[in-house]
Amino acid sequence: MSIDLRSDTVTKPSEAMRQSMYNAEVGDDVYGEDPTVHRLEETAAEILGKEASLFVTSGTMGNQIAVLVQARSGEEILLEEQSHIFLYEAATHSAFAGVQTRTIKGVRGAMNPEDVRQAIRPVDIHQPRTSMICVENTHNKAGGAVVPAENMRAIYEIAREHSVAVHLDGARLFNTVVASGGKASDFTQYVDTVQVCFSKGLGAPIGSILAGDRETIERARIWRKRMGGGTRQVGVIAAPALLALTQNVERLAEDHANAKHLAEGLAQIKGMEINPDNVDTNIVIVDVRGLGISDLQLIEALKQAGILCGGFGPGLVRFVTHLDVTRADIDTALATLHKVVRGAQ
Ligand SMILES: *Cc1c(COP(=O)(O)O)cnc(C)c1O
């Protein structure tokens with residue numbers, strides 16, 4: 001069996017999750033009659049400090065619906081340059097919402113609020129209206145970096161001055177919450193809508209939640225239906241998502257400790273460039289350009305030796321810890337890395 005560090009999406013549902021699926025009370029959710037979905041949506045809204053929430057099939061769908069309900073065709077949304085919505089969602093915002101994107105370069109995932117202020121368009125017949133700002137926390141491409149609540153507050157204040165909506169791509173929001181030792185609302189109070197994935201570090205097989213005020217979520221429900229995301233006895237997947245949300249949050253601290261341990265070990269390997277102090281959560285990105293073999297050669301050699309990881313741009317390799325890898329697995333991965341690197345040089 002390989003040790004799979006490609007992503008925290010590779011986890012398999014636990015025995016308890018499978019049992020919860022078997023036992024789930026269900027109804028037709030398009031009719032609004034699935035009690036398990038209701039319980040999930042109410043619990044998520046409460047934890048996220050919002051009036052309402054909507055269960056959706058994926059993070060991409062949650063983010064996309066957030067754009068559709070808060071921006072219109074011909075308008076502009078602001079995104080961090082390396083954000084998931086901008087890089088990895090197949091331009092859904094242009095394909096479906098018809099919005100133009102404008103990117104802002106961040107530092108470790110955090111946009112400078114003054115840059116955001118400068119990017120908001122004036123009222124001018126020549127220019128698109130700026131309708132929405134997207135923040136990502138943790139920031140995937142920035143190596144699972146925690147974007148400070150203070151940064152989000154500053155951006156939110158500017159957004160409000162200009163009547164611009166703020167959306168949080170919180171695919172891994174609970175990693176932020178656990179790493180910062182606070183609660184979700186420390187962050188979500190500074191956004192209008194938030195999307196959180198149950199299928200990443202929280203370990204559910206499928207699903208995300210989109211939360212916001214009641215009126216916005218009602219409109220989101222219509223968009224979900226339009227996109228073919230209205231589903232029926234979906235309590236069978238809401239049940240493991242509910243377990244993920246209520247039982248798998250605190251344990252993210254273990255993933256963070258494992259990631260730090262991995263980063264410290266990688267920093268010992270000559271030719272691997274990484275600062276363990278920058279590993280805030282469960283994502284470890286290492287620069288391997290000094291190794292003398294390419295990133296792709298390293299990934300392939302590790303794969304042959306039973307360690308799976310992923311490329312993350314030229315010269316970069318990403319490792320992600322999650323609930324299906326133990327501290328012992330990390331030690332095995334490190335020992336294998338030493339061997340593979342020594343063998344290749
Ligand atoms: C995974 C991810 C998403 C999208 O989630 P899917 O469920 O894969 O569509 C969105 N944003 C970030 C930051 C992610 O890591």
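Both counts, for ligands and for their atoms, begin at 1 and track the order of listing.
- Proximity of a side-chain donor or acceptor of His322 to a complementary backbone N or O of Asp4 within less than 3.5 Å is detected.
- Using a 4.5 Å cut-off between side-chain heavy atoms of Ile, Leu, Val, Met, Phe, Trp and Tyr, with links allowed through other members, Val67 and Met61 fall into different hydrophobic clusters.
- With a heavy-atom cut-off of 4.0 Å, Ser208 does not touch ligand 1 at all.
- Contact atoms of ligand 1 toward Gly59: 4 (C), 5 (O), 6 (P), 7 (O), 9 (O) (distance under 4.0 Å to a heavy atom of the residue).
- The residue from Asp28, Asp29, Asp34 that alone fulfils the salt bridge (Lys or Arg N to Asp or Glu O under 4.0 Å) condition with Arg232 is Asp28.
- Those atoms of ligand 1 with a heavy atom of Thr60 less than 4.0 angstrom away are 4 (C), 5 (O), 6 (P), 9 (O).
- Residue contact check: Ser58 has heavy atoms under 4.0 Å from atoms 7 (O), 9 (O) of ligand 1.
- Heavy-atom contacts of Cys197 reach the following atoms of ligand 1: 5 (O) (cutoff under 4.0 Å).
- Using a distance-only test at 3.5 Å, with no hydrogens or angles considered, no donor-acceptor pair links the side chain of Arg102 to the main chain of Glu76.
- Counting only distance, with no hydrogens or angles, the side chain of Lys50 and the backbone of Thr188 share a donor-acceptor pair below 3.5 Å.
- Heavy atoms of Ile85 found under 4.0 angstrom from ligand 1: none, in either backbone or side chain.
- A side-chain donor-acceptor contact under 3.5 Å links His38 to the backbone of Gly32.
- Considering backbone and side-chain atoms together, Asp169 places an N or O closer than 3.5 Å to an N or O of ligand 1.
- Distances from atom 8 (O) of ligand 1 to the heavy atoms of Arg172, Gln64, Glu89, Lys200 put Lys200 nearest.
- With Leu302 as reference, Val340 is the one residue of Val340, Leu5, Val341, Val317 to meet the side-chain contact (heavy atoms from CB on, under 4.5 Å) rule.
- In this structure, the protein non-hydrogen atom closest to atom 4 (C) of ligand 1 is His84 CE1, 3.5 Å.
- Nearest protein heavy-atom neighbour of atom 13 (C) of ligand 1: Glu136 OE2, 3.3 Å.
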